[in-house]
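Only one structure is covered here, and it is reproduced in the block below.
Here is how names work: the chains are called A, B, and so on, in the same order as the sequence lines, proteins then strands, and each is numbered from 1.
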Number of protein chains: 2
Amino acid sequence: MSTRILEHPDVEEIRLEAVLHALAEPARLEVVRFLAEVGREVACSEIDLAVSKSTGTHHYRVLREAGVINQVYRGTAKLNSLRRAELDALFPGLIDSVIAAADRERARPRPS
Amino acid sequence: MSTRILEHPDVEEIRLEAVLHALAEPARLEVVRFLAEVGREVACSEIDLAVSKSTGTHHYRVLREAGVINQVYRGTAKLNSLRRAELDALFPGLIDSVIAAADRERARPRPS
DNA sequence: ATCGTAGTACGATGAATGTCAAACTACGAT
DNA sequence: ATCGTAGTTTGACATTCATCGTACTACGAT
């Protein structure tokens with residue numbers, strides 16, 4: 001049975017704080033960074049996060065419910081993509097700068 | 001007595017995720033938005049948040065520890081300012097777009 | 001029909017977070 | 001020295017959060 005259709009917030013329901021919260025977590029930020037990099041629909045299984053499957057599911061849901069990603073089922077896979085156009089319209093430059101920042105931080109030597 | 005000097009992270013210690021996390025909370029985002037708007041040092045008491053004093057203290061600390069704001073004591077007041085130059089150098093465009101987004105969201109009709 | 005792969009649902013759990021009130025400290029002004 | 005204002009500290013509390021394992025469903029392929 002089937003919740004084969006996934007709930008997504010409408011553009012006008014997307015809240016800045018929810019988006020920032022969604023992005024403020026390493027695994028989720030990595031998903032977003034990856035989606036931005038490849039620029040196409042990507043199955044959950046293609047991105048390997050350092051967490052269990054169930055935790056992964058949780059993170060994807062947070063991203064979707066915040067309005068950051070779009071998810072559709074295709075066969076057994078669930079394809080994810082960035083809601084770039086909508087986010088850009090809503091918060092111009094935000095996603096670009098977050099992704100650029102994530103890329104930079106990735107390249108930066110980590111002080112630890 | 002006195003921790004009259006406040007600990008701030010060095011620029012290279014500022015982590016993107018911590019910044020995003022700091023910004024992902026309404027009261028804290030409001031502080032940042034306000035600081036950006038007035039563009040000068042502002043005492044905690046000048047920004048009225050809808051929370052108690054102790055909660056306020058907590059939020060300011062989160063912002064400072066994330067590297068988002070600078071805090072210095074002056075007399076009985078504690079002055080806050082955005083670490084704009086440093087954040088801009090680290091994550092170009094990020095703070096600008098977050099603030100622009102916060103301004104927009106503020107103006108947007110809230111669906112509730 | 002059976003199997004494997006992809007992902008979900010369901011608790012559960014421990015850590016982090018936002019919140020507050022109350023008692024406190026620091027400083028300037030009177 | 002006393003008072004008021006500004007902010008802190010502490011301890012408590014409820015909520016949210018990230019995490020996991022296990023059992024489950026959905027679908028394609030054999």
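Considering CZ of B/Arg33 and CG of B/Asp103, their distance stands at 5.5 Å, rounded to 0.5 Å. The distance from the CZ atom of A/Arg64 to the NE2 atom of A/His59 is 14.5 Å, given to the nearest 0.5 Å. Rounding to the nearest 0.5 angstrom, the gap separating the CD atom in B/Glu105 from the CZ atom in A/Phe91 is 5.0 Å.
Note on B/Glu46 versus B/Arg40: salt bridge recorded, some NZ/NE/NH1/NH2 to OD/OE distance being below 4.0 Å.
Between A/Arg64 atom CZ and C/dG7 atom P there is a gap of 13 Å when expressed in whole angstrom units. Regarding A/Glu65, its CD atom lies at a distance of 12 Å from the P atom of D/dA18, rounded to whole Å. For the pair A/Leu49 CG and D/dA18 C1', the interatomic distance rounds to 13 Å; values are reported in whole Å. Distance NE2 (B/His59) to C1' (C/dT17): 9 Å, rounded to an integer number of Å. With rounding to whole Å, A/Glu46 atom CD is found 14 Å from C/dG7 atom C1'. Spacing between atom CG of B/Leu79 and atom P of D/dA6 amounts to 12 Å, rounded to whole angstrom units. Protein atom CD1 of B/Ile5 is 11 Å distant from nucleotide atom P of C/dC27, rounded to whole Å. The distance between atom CZ of A/Arg28 and atom C1' of D/dT16, rounded to the nearest whole Å, is 12 Å.
In the set D/dG7, C/dG7, D/dT19, the nucleotide with an atom closest to the side chain of A/Thr57 is C/dG7. The side chain of B/Lys53 has D/dG7 as its nearest neighbour among D/dG7, D/dT19, C/dC20. The nucleotide whose nearest atom lies closest to any side-chain atom of B/Glu25 is, among C/dT19, D/dT19, C/dG7, C/dT19. The side chain of A/Ser52 has D/dC20 as its nearest neighbour among C/dT19, D/dG7, D/dC20.
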Original post:
Stepwise, does the side-chain hydrogen bond (donor to acceptor under 3.5 Å, both in side chains) test hold for B/Thr57 with B/Ser54?
Top reply: CA-CA 5 Å; B/Thr57 298; B/Ser54 38; over 6 Å; no
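Between the side chain of B/Thr76 and the base of C/dG28, no donor-acceptor pair of N or O atoms lies under 3.5 Å. Remark: the B/Ser45 side chain and the D/dA6 base include no donor-acceptor N/O pair separated by less than 3.5 Å.
Residues passing the side chain to side chain contact (heavy atoms under 4.5 Å, CB included) test with A/Asn70, sequence neighbours excluded: A/His8, A/Val72, A/Ser81, A/Arg83. With sequence neighbours left out, A/Ser45 forms a side chain to side chain contact (heavy atoms under 4.5 Å, CB included) with A/Ala43.
Within the 4.0 Å cut-off from OP1 or OP2 of D/dC20, not a single side-chain nitrogen or oxygen of A/Ser54 is found. For A/His21, a side-chain nitrogen or oxygen approaches OP1 or OP2 of D/dC17 to under 4.0 Å. Residue B/Arg61 places none of its side-chain N or O atoms closer than 4.0 Å to OP1 or OP2 of D/dG7. Contact annotation: A/His58 does not reach the phosphate of C/dG7 (side-chain N/O to OP1 or OP2, under 4.0 Å).
If you check every strand for non-hydrogen atoms under 4.0 Å, A/Ala43 touches sugar and phosphate atoms only. Within 4.0 Å (heavy atoms only), B/Val62 reaches no atom of the nucleic acid at all. In this structure, B/Arg74 reaches neither bases nor backbone, as no heavy-atom distance under 4.0 Å exists between it and the strands shown.
Between B/Ile99 and B/Arg84 the shortest side-chain heavy-atom distance falls below 4.5 Å.
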Read 5' to 3' with Watson-Crick or G-U pairs under 3.5 Å, [ ] for crossing pairs and | for partners on another strand, DNA chain C gives ||||||||||||||||||||||||||||||
